[in-house]
Amino acid sequence: METEAYRGPEDLAAHSSRGRTARSAVMFGPPGFLYVYLIYGLHHCLNVVAGPGEKPEAVLIRALELDEGLDLARARRGAAAAAHRLASGPGNVGRALGVDRRHNGLDLLAGPVRIEPVARWPRVARGPRVGVGYAGPWAARPMRFWIADDPHVSRR
DNA sequence: TGGAAGATCGGCT
DNA sequence: GCCGATCTTCCAA
């Protein structure tokens, strides 16, 4: 429901902009793999490695609509979350899916996670990414995408 | 080897 | 709106 694009290595907001490190190594590989990192010592953020060939690009998943069997409501103890079955914010996405750094480098073509094209695209809105004020000219670029008119994306 | 900052979240004022 | 939690990562020295 909400994503952000990170277009390394030139994108100063991307972890891959400082070259290949132990953390960002998976982004320098082929697309279709998970890139998971720990932020603020607390939250696991989930990315899909994208980009052609060696280009270290990734898509951060910032919000999900949850399917049956994922009880985010219990985790958050919030009535709103229960009603919408929503994981809003990258940290909550990681928590809702039970993803942590052990899943870094997971092959999305091998399962159990699968990404499929949608039958019909909803209207998509775009704007600046969240929390990347340090990235100079890249901070203002409209590289955050969310389903338009849906009130459940992470705001700010 | 040390230290500062971080692609955040939720609770409290 | 502000603040604390919590610890990895990366760069400088």
Side-chain angles (χ1 to χ4, degrees), chain A residues 1-67 70-108 113 115 124-148 150-156:
Chain A
M1 299 179 66
E2 180 187 356
T3 62
E4 283 176 359
Y6 287 84
R7 301 181 58 192
E10 67 271 17
D11 178 359
L12 295 179
H15 291 166
S16 55
S17 67
R18 292 197 227 66
R20 182 188 182 121
T21 65
R23 180 175 67 165
S24 66
V26 65
M27 278 194 285
F28 287 79
F33 288 76
L34 271 190
Y35 167 46
V36 182
Y37 66 90
L38 182 67
I39 188 65
Y40 296 114
L42 294 170
H43 308 291
H44 297 278
C45 294
L46 186 156
N47 300 254
V48 176
V49 175
E54 310 281 293
K55 209 156 182 311
E57 304 186 334
V59 175
L60 171 67
I61 310 298
R62 292 191 56 90
L64 293 175
E65 199 171 57
L66 298 176
D67 207 341
L70 297 174
D71 194 354
L72 182 71
R74 176 159 299 166
R76 294 189 61 178
R77 274 187 246 136
H84 306 311
R85 289 185 168 280
L86 176 75
S88 180
N92 288 327
V93 168
R95 184 172 52 158
L97 295 180
V99 166
D100 60 41
R101 282 175 301 166
R102 293 173 309 189
H103 299 96
N104 186 52
L106 186 74
D107 184 354
L108 293 176
V113 177
I115 295 179
V124 174
R126 65 189 298 180
R129 294 171 292 184
V130 176
V132 295
Y134 57 84
W138 287 85
R141 291 244 196 151
M143 295 168 70
R144 173 181 174 223
F145 305 86
W146 63 93
I147 296 178
D150 193 303
H152 304 320
V153 297
S154 77
R155 309 212 148 254
R156 296 244 220 149

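Just so it is clear: chains get the letters A, B, ... in the order the sequence lines come, proteins before strands, and each one is counted from 1.
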So does [Y] get a backbone contact from the side chain of [X], meaning a donor-acceptor N/O pair under 3.5 Å?
X: A:T21; Y: A:S24; answer: yes
X: A:R144; Y: A:E2; answer: no
X: A:R129; Y: A:W138; answer: yes
X: A:E4; Y: A:V130; answer: yes

Please give, in whole Å, the distance from [N] [atom2] to [X] [atom1]?
X: A:Y35; N: B:dA7; atom1: OH; atom2: P; result: 9 Å
X: A:H44; N: C:dC7; atom1: NE2; atom2: P; result: 10 Å
X: A:L12; N: B:dA5; atom1: CG; atom2: P; result: 18 Å
X: A:L60; N: B:dT8; atom1: CG; atom2: C1'; result: 11 Å
X: A:Y37; N: B:dA5; atom1: OH; atom2: C1'; result: 13 Å
X: A:M27; N: C:dT9; atom1: CE; atom2: P; result: 12 Å
X: A:R95; N: B:dC9; atom1: CZ; atom2: C1'; result: 8 Å
X: A:Y40; N: C:dG4; atom1: OH; atom2: P; result: 15 Å

Nucleotide of B:dG6, B:dT8, C:dT8 approaching A:R101 most closely (side-chain heavy atoms):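 My answer, after comparing the listed nucleotides, is C:dT8.
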Where the side chain of A:R18 is defined as all heavy atoms beyond and including C-beta, which of C:dC11, B:dA7, B:dT8 is the nearest nucleotide?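 Looking only at side-chain atoms, A:R18 lies closest to C:dC11.
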What's the spacing between A:E65 CD and A:S88 OG if we round to 0.5 Å?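 So the gap between those two atoms works out to 12.0 Å.
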Does B:dG2 have a Watson-Crick or wobble partner in any strand here, with both distances under 3.5 angstrom, and which is it?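 The base-pairing partner of B:dG2, which may sit in any strand shown, is C:dC11.
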Which nucleotide, if any, forms a Watson-Crick or G-U wobble pair with C:dC2, using both distances under 3.5 Å?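 C:dC2 is paired, partner B:dG11.
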With heavy atoms under 4.0 Å as the rule, sort A:L38 into base, sugar-phosphate or nothing.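 Sugar-phosphate only.
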Classify the nucleic acid contact of A:R23 as base, sugar-phosphate or nothing, counting any heavy atom under 4.0 Å across all strands shown.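 Counting heavy atoms under 4.0 Å across all strands, the contact made by A:R23 is with sugar-phosphate only.
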Counting just side-chain N and O atoms, does A:H15 come under 4.0 Å of either OP1 or OP2 of C:dT9?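 So the side chain of A:H15 is outside the cut-off, no N or O lying under 4.0 Å from OP1 or OP2 of C:dT9.
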Are any of A:T21's side-chain N or O atoms less than 4.0 Å away from OP1 or OP2 of C:dT9?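 A:T21 to C:dT9 OP1/OP2: no side-chain N or O under 4.0 Å.
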